[in-house]
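These notes are about the structure you will find just below.
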Amino acid sequence: MTDAGEYGFMLKTPETLQWIQRLFNDPDKVVVFHNAKFDLKMFSFEGIDIFDIKAHIDCTLILSKLYNMLLPSYKLRWLSIHFLNRTTEDKDEIEIWLKSHRREFSAEYGRPPNFSDAPLRTVARRAIWDVTSTLLLHRFMKPRVMRASRSLYMTERDLMFVVVDMENTGVEVDITRAKQLRKSAKKYRDQILQDLKDLVGDIVVEKKKKGERIKVEVDGEKFNPGSGQHLVGAFRKLGIPLKFKTKPKKKKDGTYSGGGNWAFDEYAMIRYVSKPLAGIIRESGEDGWPTDKFYEEVYEILQREGLSKREPLPPLVLKYRELSKMVSTYYDYIISHAVDVYTRPDGREVGVLHCSFNQSEAKTGRFSSSSPNMQNMPRILGPRECFIVRRGRRNWHLDYEQVEMKFFCHFSEDDDMADAIEDDIHEFVASEIYGVPRDQITKEQRKRAKAINFGILYGAGPNKIAETLTERGLPTTNAEAALLCARYHKRFPSIRRLTAQYERQLIKDGYVTNPFGRRYHVPKKQGYKILNYMCQGTSADLMKLSMVKVWKYLRSIGSAARILITVHDELVVEIPPCEEVSLVPKLKRLMEDRNSYYVPITVGVEVATKRWSKKSDPHFDLKTGAGLN
DNA sequence: CTCTTACGCCC
DNA sequence: GTACGGGCGTAAGAGA
């Protein structure tokens, strides 16, 4: 579809690809996509050099997200109906076709059908409706977003190419290691399962059927620690009175649902066992004990303290869950999704994992990551060991230090807090709210102050702060937390002034704007979220800008270094050793901003030489350059 | 097969 | 008197 109203539908052929190439080479053209990243990726797979496009590429998905982050849907269909008053059939013809042909198609071709398998007429009709909508949506969104958030949109637009490049690069994985870890995790998982079966035996399980409760006997061999219902049966059989229920959970739309079932999460389990075992659960989690140590320790405590035979149930269930998760979420996934797999001369099987990064999913402006999610890899347990550094490269982790807390200082403009952020903000706040000199602050006091700092950043109230602390093993009453919060606000009055100011802006305009021009439309009832949106979102936009800067710089000098992943305030770049000396300090400077804000925004640098780890290499000193090459 | 619920990991 | 922010993925269960 063009501005002149011409439209058409093309099949993928060498000729049409050439046509696309010519279009991309024309600096006078503006080419619009809804979710351009997807199309750019497709084109790059077809051999088109998307990083050298002369035309101006726009994305209506990104535009719509910037226009308003709170819309119930960002599908072309919804946006068109809502903003363009376009009409459409109630049903999605292609979706219907896919659904009704799934079985028969899979039987014939051995895979489920996709878009391009649908009848040409259906596909063409839908495609034309889509491109027409996209162009009209562009006419609506572009001027509005350019008025409100011009430079931000330009960053997001450049960022699309960075993301495609990053995803196409992928990360190298050590499949041999993943298989070893999976084997070991399965071994312990099965051993623990056997222990649990022996401990629990046959149980009676309550199931629901059409609103009625039905009792079913479950053979000991069929016991499943992953089932809440089975756990209820097991606890009853072993004579452990059930005490704790799940609480309603907040859903994405802000409403609450769920809750009321018997809870078996870690905190509940800790409260079901005696003190020594609870200690083991906590300590093993904090220090990342190996499974065998945990296992032996549980039984040793049982002996030593002469505890009841049923006591290992909760810790073993926790460990079973953890190991199951490791196997299914991480090891299985890595092993089955690695591509370009080959065996290195040293006998190790390695491959590449191409995960995806979504630059316009999170409301605040942050990236999200999926398939697999690289942003929630456990920090202490096995999975990170599976990610390795490419031969002839080292991975440099550049991370913004305390960046959200720094923007918090920036917005609140509290001089004392700004001074403390570069040292130890939690200790400083502890000293202020406890009225104790900084060198006399205890670990507990600092921990509570830290919880308050983050709690206030996240919009929590005293009760929630008390609850969080208690769950984390530092019992705190509501009154205690309320007192500390009150002292906090008395000592740092600018925080309340700031939130009040945000609330006023919200009432006046319906949104609040961050320093990069990103607007946060927030329901008036949820004003407590704004402070967090501002801190989290400003950090995110700074990172996005940095990624574009870094990527452009690397290209401009023809560097072989590549951006691998981003984890919110951290950027991982793989660099050939010969470039390190000049590049690392340069990237650090590119990312840092020591002047624009109330406090200097600085970047910490760490290097990983073999595996994915933030641990510094003790043989490398950035300042002296010792250890290079 | 799809939805909800519970759980748990990350910043 | 209110109320911790932002994500993703898995398994189990229930209803269709």
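Below, chains carry the letters A, B, ... as their sequence lines are ordered, and counting in each starts from 1.
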Nearest to the side chain of A:R321 - C:dC4, B:dA6, B:dG8?
-> B:dG8

Taking the six-membered ring of A:F367, is the NZ or CZ of A:K544 close enough (under 6.0 Å from the centre) and on axis enough (within 45°)?
-> yes

Cationic tip of A:K179 above A:Y331 ring, under 6.0 Å, 45° of axis = no

Please tell me which of the listed nucleotides, C:dG5, B:dC7, B:dC10, lies nearest to the side chain of A:T246?
-> B:dC7

Cationic tip of A:R271 within the cone over A:F244's six-membered ring, i.e. under 6.0 Å and within 45° of the normal?
-> yes

Rounded to the Å, how far apart are A:M269 CE and B:dA6 C1'?
-> 12 Å

Per A:D265 side chain, nearest of listed nucleotides B:dG8, C:dA3, B:dT5 | B:dG8

Is the A:F264-A:F235 ring centre distance short of 6.0 angstrom?
-> yes

Rounded to whole angstroms, how far apart are NZ on A:K251 and P on C:dG6?
-> 15 Å

Is the NZ atom of A:K447 crowded by more than 12 outside heavy atoms at less than 6.0 Å?
-> yes

Tell me: OH of A:Y458 to P of C:dT2, nearest whole Å?
-> 23 Å

Return the value, rounded to whole Å, for the distance between atom CH2 of A:W262 and atom P of B:dA6.
-> 13 Å

Under 6.0 Å between the ring centres of A:H521 and A:Y533?
-> no

Which dot-bracket string fits DNA chain C when only Watson-Crick or G-U wobble pairs with both atom distances under 3.5 Å count, crossing pairs get [ ], and | stands for a partner on a different strand?
-> ....|||||||||||.

Please confirm whether any donor atom in the side chain of A:R379 sits under 3.5 Å from an acceptor in the base of B:dC9, or the reverse.
-> no

In terms of side-chain heavy atoms of A:R384, which of B:dT5, B:dC11, C:dG6 is nearest?
-> B:dC11

Of residues 524-548 of chain A, the positions that come close to DNA chain C - non-hydrogen atoms, cut-off under 4.0 Å | A:Y528, A:K529, A:N532, A:Y533, A:Q536

Looking across every strand, which nucleic acid part, if any, lies under 4.0 Å from A:M377 by heavy atom: base, sugar-phosphate, or nothing?
-> sugar-phosphate

Per-nucleotide protein contact string for nucleotides 9-16 of chain C (B base, S sugar-phosphate only, - none; heavy atom under 4.0 Å) = BSSSSSS-

Verdict with supporting geometry, A:T602 and A:E401, side chain to side chain donor-acceptor pair (under 3.5 Å) | CA-CA 6 Å; A:T602 56; A:E401 295 160 321; 2.5 Å; yes

So, A:Q194 and A:K197: side-chain donor and acceptor under 3.5 Å apart, yes or no?
-> no

Looking for any heavy atom pair under 4.0 Å, which part of the strands does A:L318 touch: base, sugar-phosphate only, or nothing?
-> sugar-phosphate

When all nucleic acid strands are considered with a 4.0 Å heavy-atom cut-off, which category describes A:E404: base, sugar-phosphate, or nothing?
-> nothing

